[in-house]
Amino acid sequence: MILYEACFDHKLDRSSLIVALGGGVVGDMSGFVAATFMRGIPFIQIPTSLLAQVDSSIGGKVAVNHCKGKNMIGSFYQPIAVFIDTETLSTLPAIELVTGLVEVIKYGVIKDAELFEYIEKSLYDILQLDQKALLKIIATSCQIKADIVAEDEKEKHVRAILNYGHTIGHAIEALTHYKKYRHGEAVAIGMLYAARIAVEMGLTGNTVFERQLSLVKRLGLPLSTGLKPKDIIQTLYLDKKAMSGKLRFVLPTGIGEVIISDQVTEEILSRVLTSNFV
Ligand SMILES: O=C(O)C(=O)C[C@@H](O)[C@H](O)[C@H](O)COP(=O)(O)O
């Protein structure tokens with residue numbers, strides 16, 4: 001409510017402009033306030049974290065978390081502009097760079113095998129903030145997301161693939177009260193589980209899982225949560241992709257291609273969620 005009070009205090013009206021200068025949370029919250037104050041006032045995104053530059057500042061999803069689920073209170077509300085300056089990454093804590101890179105890896109799995117291979121080969125340069133490497137991964141990520149959102153802004157079909165790793169990732173975040181895992185840490189674990197589910201279902205070979213596991217290990221990200229599989233499964237039914245009580249997962253059929261499946265059974269989930277990745 002503090003942000004709405006600020007809108008009143010600064011006498012904002014529908015000709016005003018909200019500037020979201022910051023990371024993913026700043027962008028999501030500012031966008032949600034812009035979407036709802038006076039039923040909508042203009043806003044722009046100036047993302048300063050890698051996660052925000054490659055993902056959350058693009059596509060118009062704005063939301064806040066609820067104790068029952070991630071991003072459960074929100075809207076689709078497009079910024080009038082997004083300004084990305086990679087110089088802002090020079091002061092980004094290393095862990096935030098690493099966790100933002102998980103979303104870039106996601107784009108590689110869902111759409112772009114060449115991007116995935118580039119990350120595998122250029123990980124050192126990326127983590128050293130080599131400008132050429134950053135520009136490549138950010139521009140490629142933004143283009144992939146913009147193309148998908150242009151085709152399906154309100155996530156009626158193909159946009160759901162952008163949620164790869166988020167089905168279980170969001171459950172992990174909600175079950176740990178958004179305090180224990182950064183978004184990218186939870187999504188990385190979610191991607192590994194999704195890849196393992198795909199292998200279990202015969203949708204792809206183990207290499208697709210192993211290559212993602214190798215990158216997650218090289219990034220030093222957590223590989224386990226200690227959460228009970230039954231608690232994760234129960235939380236999955238609040239996922240926004242679920243329909244008529246059926247879970248829907250984004251599953252890889254290869255590096256660079258995924259499907260959306262409602263055929264993942266609780267039996268497969270229990271088996272995969274009890275497995276470990278070490
Ligand atoms: O923009 C999208 O669509 C995505 O799914 C991108 C995700 O990486 C992002 O974290 C998004 O906020 C999650 O969407 P949600 O609808 O599951 O909250």
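Note that ligands are numbered from 1 as they come in the structure, with each ligand's atoms numbered from 1 the same way.
One finds no salt bridge joining Asp130 and Lys132 here, because no Lys/Arg side-chain nitrogen approaches an Asp/Glu carboxylate oxygen to under 4.0 Å.
Between Lys240 and Asn71, the side chains place no donor N or O within less than 3.5 Å of an acceptor N or O (distance only, hydrogens not considered). Judged purely by distance below 3.5 Å, without hydrogens or angles, the side chains of His183 and Glu103 pair a donor atom with an acceptor atom.
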Passes ring pair (Phe, Tyr, Trp, His ring centres under 6.0 Å), Phe32 versus Tyr77? Steps please. CA-CA 8 Å; Phe32 183 65; Tyr77 190 71; 9.9 Å; no
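Sorted by chain and number, the heavy-atom contacts of ligand 1 below 4.0 Å come from Asp55, Lys61, Asn71, Glu103, Lys106, Lys145, Glu155, Arg159, Leu162, Asn163, His166, His170, His183, Lys240.
Between the Ser30 side chain and the Ala20 main chain, no donor and acceptor come within less than 3.5 Å of each other. Listed for the Thr36 side chain is no donor-acceptor partner under 3.5 Å among the backbone atoms of Arg39.
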